[in-house]
Structures are given as C-alpha cells and as structure tokens.
Amino acid sequence: MAFELEALVGHLYIVGGRVINVNPPGALVEVAPPTAASGREGDTFFLLIAPSGSIAPTTFYQQLAQLAAERYFNMSGSVTIALRTMFQLVNRNLYEHNLEHSENEQQQFETSMIAAVLHEDDMYVARVGPVVSVLQTAGLTLTFPEDLTDDEPLFSVPLGLLPEPEISMVRYGVNAGSRLLLSDGNLADIPSDRLTSILLENDIEKVLHSLRRTIKIQSQLMLVELVPPDYESPILAAPGESTHEVSLKLGAARRQLDVEGEGWNRPRRGDFVSLVGWGLARLAGRAANAILYMGDLFQRVFPLPEVTPTRRLSSGTLILTVLLIPLVIVSIVVLSWVSNLGETEFEQCLGKLQDSAKLARSIDTSNRRSVTSAWNATLQMAEACDVMRQDDPAVAAMREEAQTFIDAINNVKRREAIPLTNFEDTVITRLRLQGTDLYALDDRNDLVYSIKLSDDGAQAQRQEPIPLMRIGATHEGGYTIGQIVDIAFDDHSGDLAMLDRNGTLVRCAPQFILNCDAQRLLNANNWEEPIALTIWARKLYILDSAGGQIWRYDPSGSSYVSAPREYFTGSARPNLRNVVDFTISQRGTVYVLYDDGVMKSYVGGNESPYVFSGFNEGSEPHRVRTEGFYLNDSPFSPGFFIISRRARTIFETTVAGTFMDSYQAFEQEKLELISAVVAYPEQNMVYVASGNTIFRLGLEL
C-alpha cells in the first residue's frame, strides 16, 4: 500500500499551565522535496524537538528542525541509516557548540529529539533524551519506550552532551486510522488506561482537547492521524502536498535528468557511498598520473641509451622499481599505522573523555539534571577508555572526578563494602540481628543460618546452619517444616522465631540453638499468602499479602493456642499484594513498605499519613523502587534504612521519612543483588545481603 496514506497533524503547546496558540518551536512536518535522495521520495517526516536544560531562542529550535529535515531527505539508503545519520549530525553541531561556548563560559544548549518517518505502510520512530511516542493502531496502544513508568530508558542523555548520541529506534506497521503521538517526557505522567481512552476519541480535535484538559503544567506534542488520500478532514488543516503526487513528480524529474545527463556519472550530493567511490576513483587516477609523471621525469634526468634486447630487461626493471617505490612507502606507512591502531584509538577516546569532562565542568551546577547527565556521560566514556587501556592514571583521575561530582549532587556517601561472610548456592533474603548474633534466611534452600560476630561486629567468628530451622526438619508432635516464610526476634524472651507456610512456628533460644519447640498455629489454612512475620509485645503479627490482612496471635503462657484476630477490621482492607516487608515500632505503629517505594503507617488498624521527603529529584523511593527496610528503634539515631536494588543504594531516613543520608559501595557491582539490610547502631555499621554474600558498611569514616 505504498503512498496510500496521508497525515492529519495537530499540535499542543502548554507553557506554565497556559495554552500557547502556536506550534511548538521544534515541531516540523515535511513531505519529500523534489530534490530528495533515492529512497526518500515517498517519505513523510515528523519531528519534535524539546528543550532540555537551558532554554534557547525560538529560532534556534526552528533552525535545528530544518537542519534535521534537510539532512534526512539528503540521505539515500535505508530509513534507519538516514535517521541515525541525521541524529548524529544534529548532535555533533550541538556538542561542538557546547565545547566552544564552554571555553568562553557562554550559554550552552542541549535538546531532546524524537522523529518519525512514514515510509509506505511502516512508521519508524527514533528518539534521544526524555521524549516519548504513543501509537494507537489496530486496537493496540504501543508506547516508546515500552514502559513509561521506568525512568532509566525514559530519561536518557539528551543531544549535545555526548560525542555520540544514544539513539533508540523502533518500527511499527500502520494503516488508515492509526494515530501517533510525539511528545516531551511529561506525557509519561498520564496513566496508560487514560492515555488509551484519549487516543480513541472520535477525531484528533477531541484528542487534543482531552490532552489539554489532562496535562496541566507543561507540554509540547504533535498528534498525527493517518488517513486515505481522498479523506475529507472534518477540521481545518494546513494544506500539504500529497506524497503520492510527490512520488509521480520525482519519477518524471528523474527520467528527465537521466536523459539530459547520460554522459555525466558524477553522483549526487548526499549519496555518501557513491561520493566515496567516485572520489576514490578520481584519487586513484590522479595518483597513477603522478607516478607516470615521476617515471617520465626519472627517464629525462637519467636518459636511457640505445640498448640491446638484454638491456631492455634492466630498463623495465628500473621503471618497475620506480613505480613500486611509492607503493612500498605507502604499505610501510599503512602497516605502521595498523600496528599502532590500539594506541591511536585510546588517544582518541582519551581526547573525547577530556572534552566530555570539560563540558560537564562548564555546566551551571544549579541545573542538576544536566550536570548529572554530563558527568554520567563522562563516566561511560571513561569505562570505554578503560577497556582499551586498563588502569591508566588519566582515565582513573577523570572517572574519580566524575563520580565525586555525581555523588555530591545526589548526596551519596561512598563506603567500602567488606564481605563479612558468604554461603555457597544461597540467596539471602532476610537478616535479623540480636546483640552479636546475626541470622540469615536462605530463600533458595529454605534454611536459616546463625553467624556469631566479634564484639566490634567487624568479623564473623563462626557460622552454621540451624538444623531445626530448615525445610524437611521434623519436630515433636509430628511437625515437618515446609517452605519458610520469615524469621523474627521475640524481644521479651530473646528467642528466634521461624514461620513456615503451613503455619508451623518454631522458637529457639539463641544460647541453645538446638533447644527448639514447635507448634501449629490455628486457622493457618485461612491464610492466602503469608510473606512476613513480626513479634511485638509477645504477640505474633503475620502479614498476608493476598488476603489484605495482618493476623494477630495473642500469647497464652509460652504458646499461641487461640485463633487469630484481624488487625484491619471492617470491609475496607488495604491492598498488600506488593508489600516487601513490614515492622512495628516500640510505640505500636505498623509500617508497611511496598516494592514501588511507597510506605504506609497504621495505628490500631487505621492509616496515618506518611510521606518520604527531602530526597533529591530522581532518587525518591517511588522512582528507584525498594526491596526491603530496617527500623532502627534504638536511642542511637532512630530511623529507617531502606534498600534499592536498582539504585544499589542504602537510604537512611528519620522515623518520619525525612531523608538523612544515602550510601553506596565503591565497587557498585557488590550491591547489584541487594535484598536485605539490618543496622548495628552501636558500632555505626549496617549489614546488607547481596546474593549469597553478607557485606558490612561503616556509616562513618
């Protein structure tokens, strides 16, 4: 169905909550001009440029958009090659502009850019920076990036900060009725179901109206609807030239050019491959003429006498030698260059690294996001250079400088993650600390380990599995341990408790770890999905995530013989399905942590307001997500320690949720599987589990 689709286009431009009745300055729609390169004749090009960092004059974005369109339509070959080349050109112009202006401490610019190309019945979309696209086609809503709630792919590095842009690209099949939305990153804040319902409005005027009501503060977007060529638009639209007509005109023009220029085979401007071939051919011809001229000159200086047939062989050899000398010299130079290629590549990488660091230093530190992006780009460049030459002092110095700046911006304190102990073929998911006794739950093998610490908590003196706290262990009364849910301490008795999914509770005295008793809790068959255990004031609290309930068992002597009571009463129960852990403070406040970084608190089953505050932009728990937490309820700096695997970070907050500090390891890969944390406040250290290893980190230097 080539050239059978046309585009209706609308725009929305909101600044500070006010709708501006002009097109966004970086928005452009262009059909193929008559001079388009081969392969571009029927393309329709859509472009949206969004500011990132300092705002440039309107003409800056307009000229940049025009440059991008010209570059795209001048490139032959595939659509993806043309788009990639176009992005590289725009980035190079911005990058060189920023380097030049950084020397004079002048204003620098960076932009986010998203481009789409309608090529026959395919839509190609390419993006750099925090910009998104949404395609509604054949009843499907497809977003790019695929997950708009994931910040990592969404907030990629904008154009102008890296020597080479990080280009993401996708291709879709489209048809009449498909709608494409190109927008800045603010569109990601709209829930996916709401976005889908908006794009299914009757016409694009209603779509834009719904978007205008939904987006309150800031937006630059372009909406495209694909229709047949004979479609009569129900709204006023600026007239454009049909790509079908453009194709016919270009075909006629090319046939005329072929007739007029049969004898001239020089390639067109923009046909890079042909230009290179044509240039090399002319260079080879001139080189041959030069060599022949040298041979002729040599014969003039050293004229050859009349010779016998045997002498002709010598003269031929002489001429051959003259011809070969330049080739031998060129070969030596080429071989020498190839032999030093690794060093040359490293020097080029080092130069780019220095340029990237120089650019990062020149950015106004008040522009936190741009500074962070620039130093992150420097870190990536340093890693690339380190692959070519490890432990180079210049690379190491710039890596350290970049990391220091990023840590200062993000309020991160680097600490040495020292292995305390590790276990073979395990996955540690829970840590519990009582004095100098540390306990770890191995979720892979359903087994609990006991680790005896030194008095200062810095070393593991002894470690061993607890035989009666493992799957398959049998106890008096015929109880067999099943899949382990959690472990907890009873502060009243000092016992370590373990709970399995069958409702079997095992309690062991730490001093006599082989002295344990077991019992089966009543009504355990009513649990749907128990995931965590806490003991407070001798009472058992079991969090049932699927059941949306916390079950409370009251003690009777040293046992729990009565049926449980519900912590949440009434018909309205909280959604506990994504909870990772919960705990209870000394005052009886229940804190529940979700994997999306949300914390909720309850008193007597009633929710109390709880909000994290004071975090840097981008490092909030709801952005980095969370795997677990620990409540330090002692007089020594009470508060929470919260872990994030995505950020490889331990966050410290007050009990009220106010940010205090964040900690990362010098070797970040050590915490890439972080899953549990517990604090030892008397020694100013925390223990964290990552994979099969337990590390200790000092909180103070």
Inset, instruction - Report the distance from atom CD of E205 to atom CG of L208, rounding to the nearest 0.5 Å. - result: 8.0 Å
Output a table of donor-acceptor pairs, distance under 3.5 Å, between side-chain atoms of residues 160-168 and any protein atom two or more places apart or on a different chain; print 'none' if there are none.
none

Legend entry - Flag, side chain of N616 to backbone of S619, donor-acceptor distance under 3.5 Å: no
For residues 349-357, please give each side-chain donor-acceptor pair under 3.5 Å, one per line with the distance, not counting sequence neighbours.
from: S356; atom 1: OG; to: T378; atom 2: OG1; distance (Å): 3.0

Legend entry - salt bridge (Lys or Arg N to Asp or Glu O under 4.0 Å) against E620, all qualifying residues, sequence neighbours excluded: R623
Inset, instruction - With sequence neighbours excluded, tell me which residues meet side chain to side chain contact (heavy atoms under 4.5 Å, CB included) with V412. - result: D407, N410, R414, S662, Q664
Legend entry - Set of residues satisfying side chain to side chain contact (heavy atoms under 4.5 Å, CB included) with respect to D150, sequence neighbours excluded: D147, E152, P153, R646
Legend entry - Side-chain heavy-atom pair E401, R361 within 4.5 angstrom cut-off: yes
Inset, instruction - Report the residues that fulfil ring pair (Phe, Tyr, Trp, His ring centres under 6.0 Å) with Y124, sequence neighbours left out, ordered by chain and then residue number. - result: none
Legend entry - Shortest non-hydrogen separation from I643 to S675 and the atoms involved: CD1-C, 3.3 Å
Inset, instruction - Sequence neighbours left out, what passes side chain to side chain contact (heavy atoms under 4.5 Å, CB included) with P24? Give chain and number order. - result: H11, Y13, A27, L48, Q220
Legend entry - Test item: L47 and Y72 side chains (from C-beta on) under 4.5 Å apart, heavy atoms: no
Inset, instruction - Report yes if the side chains of L211 and V207 come closer than 4.5 Å at any heavy-atom pair, otherwise no. - result: yes
Inset, instruction - Taking all non-hydrogen atoms of both residues into account, name the closest pair between R179 and D203 and its distance. - result: NH2-CA, 3.3 Å
Legend entry - OG1-CG distance between T85 and L89, expressed to the nearest 0.5 angstrom: 9.0 Å
Legend entry - Those residues that, when tested against E667, pass salt bridge (Lys or Arg N to Asp or Glu O under 4.0 Å) (two or more places apart): K670
Inset, instruction - Search all heavy atoms of A69 against all heavy atoms of E30 and return the closest pair with its distance. - result: CB-OE1, 3.8 Å
Inset, instruction - Could you check if a side-chain atom of F87 sits within less than 4.5 angstrom of a side-chain atom of V128, using non-hydrogen atoms only? - result: yes
Inset, instruction - Any chance you could measure E96, atom CD, to N91, atom CG, to the nearest 0.5 Å? - result: 9.5 Å
Inset, instruction - Give a yes-or-no answer on whether the side chains of D43 and H119 include a donor-acceptor pair shorter than 3.5 Å. - result: yes
Inset, instruction - Give, for atom OG1 of T214 and atom CD1 of I198, the distance between the pair rounded to the nearest 0.5 Å. - result: 3.5 Å
Inset, instruction - Check for a donor-acceptor pair, side chain of R399 on one end and backbone N or O of A394 on the other, with a separation under 3.5 Å. - result: no
Inset, instruction - Kindly indicate, with the supporting measurements, whether the criterion side-chain contact (heavy atoms from CB on, under 4.5 Å) is fulfilled by Q136 and T196. - result: CA-CA 8 Å; Q136 173 64 233; T196 298; 4.0 Å; yes
Legend entry - Evaluation steps, side-chain contact (heavy atoms from CB on, under 4.5 Å), between F60 and I49: CA-CA 10 Å; F60 174 83; I49 299 176; over 6 Å; no
Inset, instruction - Nearest 0.5 Å please: distance from the OG atom of S133 over to the CG atom of L148. - result: 8.5 Å
Legend entry - Beyond-backbone contact of L223 with L12, side-chain heavy atoms, under 4.5 angstrom: no
Inset, instruction - Tell me, please, which residues at least two apart from A7 pass side chain to side chain contact (heavy atoms under 4.5 Å, CB included). - result: V9, F46, V224, L226
Legend entry - Pair N578-D596, side-chain contact (heavy atoms from CB on, under 4.5 Å): steps then yes or no: CA-CA 8 Å; N578 296 318; D596 60 1; 5.9 Å; no
Inset, instruction - Check for a donor-acceptor pair, side chain of R645 on one end and backbone N or O of I674 on the other, with a separation under 3.5 Å. - result: yes
Legend entry - Any residue meeting ring pair (Phe, Tyr, Trp, His ring centres under 6.0 Å) with F612, in chain and number order, not counting sequence neighbours: Y610, F615
Inset, instruction - For the pair Q403 and E400, evaluate side-chain contact (heavy atoms from CB on, under 4.5 Å) and give the outcome as yes or no after the intermediate values. - result: CA-CA 5 Å; Q403 192 64 70; E400 183 177 356; 5.8 Å; no
Inset, instruction - Over all heavy atoms of both residues, which pair between F73 and P33 is shortest? Give the atoms and the distance, please. - result: CG-CD, 3.6 Å
Legend entry - Heavy-atom side-chain contact between F144 and L182 under 4.5 Å: no
Inset, instruction - Check whether any side-chain N or O of T626 sits under 3.5 Å from a backbone N or O of Y594 as a donor-acceptor pair, and report yes or no. - result: yes
Legend entry - Shortest non-hydrogen separation from G39 to E41 and the atoms involved: N-OE1, 2.9 Å
Inset, instruction - Give a yes or no on whether the backbone of A647 and the side-chain of T649 come within a donor-acceptor separation of less than 3.5 Å. - result: yes
Legend entry - Heavy-atom neighbours of Q668 CD exceed 12 at 6.0 Å: yes
Legend entry - G129 backbone acceptor or donor facing R127 side chain under 3.5 Å: yes
Legend entry - Residue E669 excluded, over 12 heavy atoms near CD under 6.0 Å: yes
Legend entry - Pair E110-S52, side-chain donor/acceptor within less than 3.5 Å: yes
Legend entry - Flag side-chain contact, heavy atom, 4.5 Å: M123 against L118: yes
Legend entry - Interatomic distance, L195 atom CG to S210 atom OG [nearest 0.5 angstrom]: 11.0 Å
Legend entry - Backbone of D121 reached by a side-chain donor or acceptor of N175 within 3.5 Å: no
Legend entry - Heavy-atom side-chain contact between L135 and L140 under 4.5 Å: no
Inset, instruction - If a pair satisfies ring-ring contact (aromatic ring centres under 6.0 Å, His included) and one of its residues is in residues 353-382, list it, with sequence neighbours excluded. - result: W375-F405
Legend entry - ring pair (Phe, Tyr, Trp, His ring centres under 6.0 Å) involving Y61 - partner list, sequence neighbours excluded: none
Inset, instruction - For S644 and V624, indicate whether the former's side chain and the latter's backbone hold a donor-acceptor pair under 3.5 Å. - result: yes
Legend entry - Closest contact, heavy atoms only, R625 versus D595: CB-O, 3.3 Å
